[in-house]
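Below is one structure, written out as structure tokens, with a few remarks after it.
Just so you know, these numbers use all the heavy atoms, side chains as well, and skip hydrogens, waters and symmetry mates. Each residue takes its place number in the sequence, starting with 1.
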Amino acid sequence: GLLSQWSDEFQERFAKEEKAAMELQRRWRQRIWTRTYMQKYYRVCIREWERQLKSQHWNLEVRSKLSYFAKKKWRRLFLFENAAAAQIQKWLRNLHGLKHWRAGIREAHLRGLASLMARYRRHKFI
């Protein structure tokens, strides 16, 4: 600091404060990244993501985090859901195509019936 440049006493005090702050940071880092802390933090994160998934089941960000960090519990379910969704989409796509294909056939059939009915009504014996 600026005061440490003016006198040796302030320079010594500033050095002690700086050393104490560095030691405090070092001890905090050692404490915070212990295995126990990491496991607790992991469980808290998983719980939070599961809570978010309950409120918004198709949130891709949460699903990707859970499928990576909680593989045994969630990955199979998400893979199954994706496979089922792909099959449903394929089925619907085929159904939609079939609907359009049948619409043309139905329209041609109705036109044939309408012309047959018109010819029937024009017949002189009716």
Side-chain angles (χ1 to χ4, degrees):
L2 189 58
L3 290 176
S4 67
Q5 296 173 356
W6 288 349
S7 86
D8 292 336
E9 183 185 346
F10 282 119
Q11 188 173 12
E12 193 176 307
R13 284 185 182 178
F14 182 71
K16 282 183 183 179
E17 286 178 11
E18 196 174 27
K19 187 178 176 186
M22 294 298 278
E23 181 65 20
L24 186 64
Q25 281 184 343
R26 186 183 68 79
R27 286 189 182 183
W28 176 251
R29 282 192 202 108
Q30 284 177 347
R31 182 179 157 261
I32 198 168
W33 297 118
T34 61
R35 185 168 179 82
T36 308
Y37 174 80
M38 293 295 287
Q39 288 172 345
K40 286 180 183 177
Y41 183 67
Y42 172 82
R43 286 193 294 270
V44 166
C45 288
I46 296 295
R47 228 179 291 125
E48 174 65 22
W49 293 329
E50 287 175 346
R51 188 187 58 74
Q52 289 177 9
L53 191 70
K54 278 185 181 177
S55 65
Q56 197 176 7
H57 188 71
W58 299 108
N59 185 341
L60 294 179
E61 185 180 334
V62 173
R63 288 168 72 93
S64 68
K65 287 177 183 176
L66 282 173
S67 66
Y68 181 78
F69 290 106
K71 288 180 183 161
K72 290 180 183 176
K73 186 173 182 182
W74 291 103
R75 195 171 194 167
R76 285 186 303 244
L77 175 68
F78 295 153
L79 288 173
F80 172 75
E81 286 177 349
N82 287 344
Q87 287 180 347
I88 290 170
Q89 287 172 353
K90 183 180 176 185
W91 176 75
L92 282 175
R93 193 170 33 251
N94 290 340
L95 189 67
H96 192 65
L98 189 63
K99 179 179 151 188
H100 283 299
W101 176 72
R102 285 184 177 165
I105 294 174
R106 183 175 181 273
E107 204 173 308
H109 181 67
L110 289 176
R111 271 196 311 267
L113 287 176
S115 67
L116 180 66
M117 192 65 182
R119 277 186 278 140
Y120 175 74
R121 287 189 176 145
R122 280 189 308 237
H123 196 275
K124 60 181 178 181
F125 298 113
I126 293 181

Checklist entry - Salt bridge between Lys54 and Glu50, side-chain N to carboxylate O under 4.0 Å? => result no

Checklist entry - Mind checking whether Leu60 and Phe78 sit in one hydrophobic cluster, side chains of I, L, V, M, F, W, Y counted as touching below 4.5 Å? => result no

Item to check | Side-chain heavy atoms of Lys19 within contact of Glu23, under 4.5 Å | outcome: no

Checklist entry - Which ILVMFWY residues are connected to Leu92, directly or by a chain of links, through side-chain heavy atoms under 4.5 Å apart? => result Ile88, Trp91, Leu95

Checklist entry - Can you tell me if CZ on Arg26 sees more than 12 non-hydrogen neighbours from other groups inside 6.0 Å? => result yes

Checklist entry - Should Glu48 and Arg51 count as an ion pair when the cut-off is N to O under 4.0 Å? => result yes

Checklist outcome for this item: To the nearest 0.5 Å, atom OG of Ser64 lies from atom CZ of Arg75 at 11.0 Å

Checklist entry - Looking at CG of Leu77 and CG of Asn82, how far apart are the two atoms once the value is rounded to the nearest 0.5 Å? => result 9.5 Å

Item to check | Listed partners of Glu18 passing salt bridge (Lys or Arg N to Asp or Glu O under 4.0 Å), at least two apart | outcome: none

Next on the checklist: Exactly one of His57, Arg63, Gln56 should register a side chain to side chain contact (heavy atoms under 4.5 Å, CB included) with Asn59. Which one does?
Outcome noted: Gln56

Item to check | Student check: side-chain heavy atoms of Met117 and Leu113 closer than 4.5 Å | outcome: no

Next on the checklist: Using a 6.0 Å cut-off, check whether atom CD of Gln30 has over 12 heavy atoms from anything other than its own residue.
Outcome noted: yes

Next on the checklist: Around atom CH2 of Trp58, are there more than 12 heavy atoms from other residues, nucleotides or ligands closer than 6.0 Å?
Outcome noted: yes

Show me the side-chain donor-acceptor pairs of residues 34-45 shorter than 3.5 Å, one per line, residues at least two apart or across chains.
from	atom 1	to	atom 2	distance (Å)
Thr34	OG1	Arg31	O	3.3
Thr34	OG1	Tyr37	N	3.3
Tyr42	OH	Phe69	O	2.3

Item to check | Residues Glu17, Arg13: salt bridge by 4.0 Å N-O rule | outcome: no

Checklist entry - Leu66 and Phe80: same hydrophobic cluster, using ILVMFWY side-chain contacts below 4.5 Å? => result no

